[in-house]
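Worth knowing before you read on, the calculation uses all heavy atoms, side chains too, and leaves out hydrogens, waters and symmetry mates. Since this is a predicted model, take the numbers as computed values, not measurements.
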Amino acid sequence: MRKFAEKAFELAKLGLLGTAVLFCTVDTASAAVAVGESVSRCINVVIPSLFAMMIVSAIIVRSGALTLVPAWFGRISRLLFGIEGSIFPVFTFGMFAGYPVGIKMLCGEYSAGRLTKGRAEILAGLCFGAGPAFTFGCISRQLYSSDKAGTVILISNISANLVLALFMSFFLRKGAGESCNVRKFRISSEMLTESVLRSGRAMADICIMITAFSVLNVMFVRMGTAAAVGELLAKLTCLDRKSGEAIVAALLDVTSISAFPCGDWLLLPYISALVSFGGVCVIFQLSAITAGRLSLRPFIIMRIIAAVISFWICRLLLPYFIEYETVEAAAVNVNRSGGSPVSSVMLVLMTVMLMWEMGGKSNKKIAEST
C-alpha cells in the first residue's frame, strides 16, 4: 500500500511537471504577466519588509547578542513558555521580523550546537510571523486604506502564537536547559559584510520562489483548477467564488493577498488565518533555508493550528475595530504599480547571484571529491 502511494505521488509530480512545461510553452503571455507581477511584489513589498530584518537577525546570532539576556528574564521565559532565556528573543523577534527570519536564527543556533534538532523543529512553529511591514504595507493600506485592519491581523497572529506557545510549553519545559554561557559580544566589519551577502542570497532565493509560485498559480487559474477549488471553498465558507479563488492563490503564495477584493471587512478573519499560516511558497522558502537540517512536519501542523486560532481571535475582535469604520471599496486607493525595467534587471541580478552560489558549491564538492 505504501509503495502504491509513493508511486502515485511520483506520477502526480511527473504530471504536474509535464503540465507546467506545456503551459509555459503554449501560454507564454500569461506566464510572462505572472512573472512581471510577482517581481513587482518582490520589489515593492517583499524586499522592503524582509531584507533589513534578515541582516539584523544574522548579526544578532553571529555577534553573541542572544546570550546577553539577564538570568531573571530566562527564568520567567522558562516558567511561562518553557523556552530558554537565550532563545526567547528569537521567539519575540521572529513574530515581528518576517516569515524566514525566526527559523533562520534557529538554524544558526542549531548549527552552533546550542539547540537540539527536536527542540529547534518545535520552536520553528512558534518563532514565525509576517511582520508589520508586510501586514500594513501589503494588506492594510492596499486593501482597506486603514491601519485598523493591520492592527487586528497583528494582534490576532501574535495572540495565536502566544496561545500555541502556552500549549507547547508542556513539551518544551521538559527539555529546557539553562541559558547558554555568555559569549563575548563582538561586531566587526567582516561580520557585517558576510551577514549582508548571506541575507542577499537568501532574499534572491525567496524572490525567485515567489516568482515560480506565481506562474504555478496562473497555470491553475488557466486550467480551471483554481476556480473549482475556489467554488468549493466558497460553499464551505459562505463566500463568493471570487473570494474563494483569492484564498486559493494566497494559500499558494501569501503575497497574493494583495489581489483580494478591496474593502471587504468580512474577509479579514480569513486573511488573518492565511497570514498566520504563511502559505505553501513560504514553506518551500523555509525548506531551502533549513537545507534539510530540520523537518518541517511539526512546523506545518503547528501553523495550521495557529491559523485556526488566529481566525477566531480576529473574528471576535473585528466588531470592536470596525464599529465606526466606513470604508467603501470604491474609495480604496490601491497602488498596483505597472511594469518597470528595474524589476526585470533586479530579477536577472538575483538569478545570477543564485547561479553563482550554486556553481561555487558544486566546484567545492568536486574539489573535495578529487
Task: Cys127 and its side-chain contact (heavy atoms from CB on, under 4.5 Å) partner, picked from Ile83, Ile122, Leu106 - done: Leu106

TODO: Give a yes or no answer on whether the side chain of Ser169 reaches the backbone of Leu166 with a donor-acceptor pair at less than 3.5 Å.
DONE: yes

Task: Side chain Thr211, main chain Cys207, donor-acceptor under 3.5 Å - done: yes

TODO: Answer yes if Leu123 and Leu80 sit in the same cluster of Ile, Leu, Val, Met, Phe, Trp and Tyr residues linked by side chain heavy atoms under 4.5 Å apart, and no otherwise.
DONE: yes

Task: CZ on Arg315 to OG on Ser272, rounded to 0.5 Å - done: 12.5 Å

Open item on the list: Show the nearest heavy-atom pair for residues Phe213 and Val280, with the distance to one decimal.
Closed with: CE2-CG1, 3.7 Å

- [ ] Report the distance from atom CG of Leu164 to atom CD1 of Ile309, rounding to the nearest 0.5 Å.
- [x] 5.5 Å

Open item on the list: I'd like to know if Ile257 and Leu266 are part of one continuous hydrophobic network [Ile/Leu/Val/Met/Phe/Trp/Tyr, side-chain heavy atoms within less than 4.5 Å].
Closed with: no

Open item on the list: Distance check, rounded to the nearest 0.5 Å: Thr116 atom OG1 versus Glu121 atom CD?
Closed with: 8.5 Å

Task: Residues Ser276 and Ser310: side-chain donor-acceptor under 3.5 angstrom - done: no

Task: Side-chain (Ser111) to main-chain (Cys107) donor-acceptor, under 3.5 angstrom - done: yes

Task: Residue that, paired with Tyr270, satisfies ring pair (Phe, Tyr, Trp, His ring centres under 6.0 Å) out of Phe260, Trp312, Phe311 - done: Phe311

Open item on the list: Side-chain heavy atoms nearer than 4.5 Å, only ILVMFWY residues, links allowed to pass through others: does that put Val275 and Val308 together?
Closed with: yes

Task: Full working for side chain to side chain contact (heavy atoms under 4.5 Å, CB included) between Val254 and Phe277 - done: CA-CA 9 Å; Val254 73; Phe277 176 66; over 6 Å; no

Open item on the list: Are the side chains of Leu296 and Ile103 in contact, using a 4.5 Å heavy-atom criterion?
Closed with: yes

TODO: Return the minimal non-hydrogen interatomic distance between Arg293 and Ile289, and the atom names on each side.
DONE: NH2-O, 3.2 Å

Open item on the list: Between Thr135 and Asn157, does the side chain to side chain contact (heavy atoms under 4.5 Å, CB included) criterion hold? Intermediate values first, please.
Closed with: CA-CA 11 Å; Thr135 303; Asn157 287 356; 5.5 Å; no

Task: Validation row: Asn217, Asp253 side chains within 4.5 angstrom (heavy atoms) - done: no

- [ ] Kindly work out whether a path of hydrophobic side-chain contacts (I/L/V/M/F/W/Y, heavy atoms less than 4.5 Å apart) joins Val218 to Val33.
- [x] no

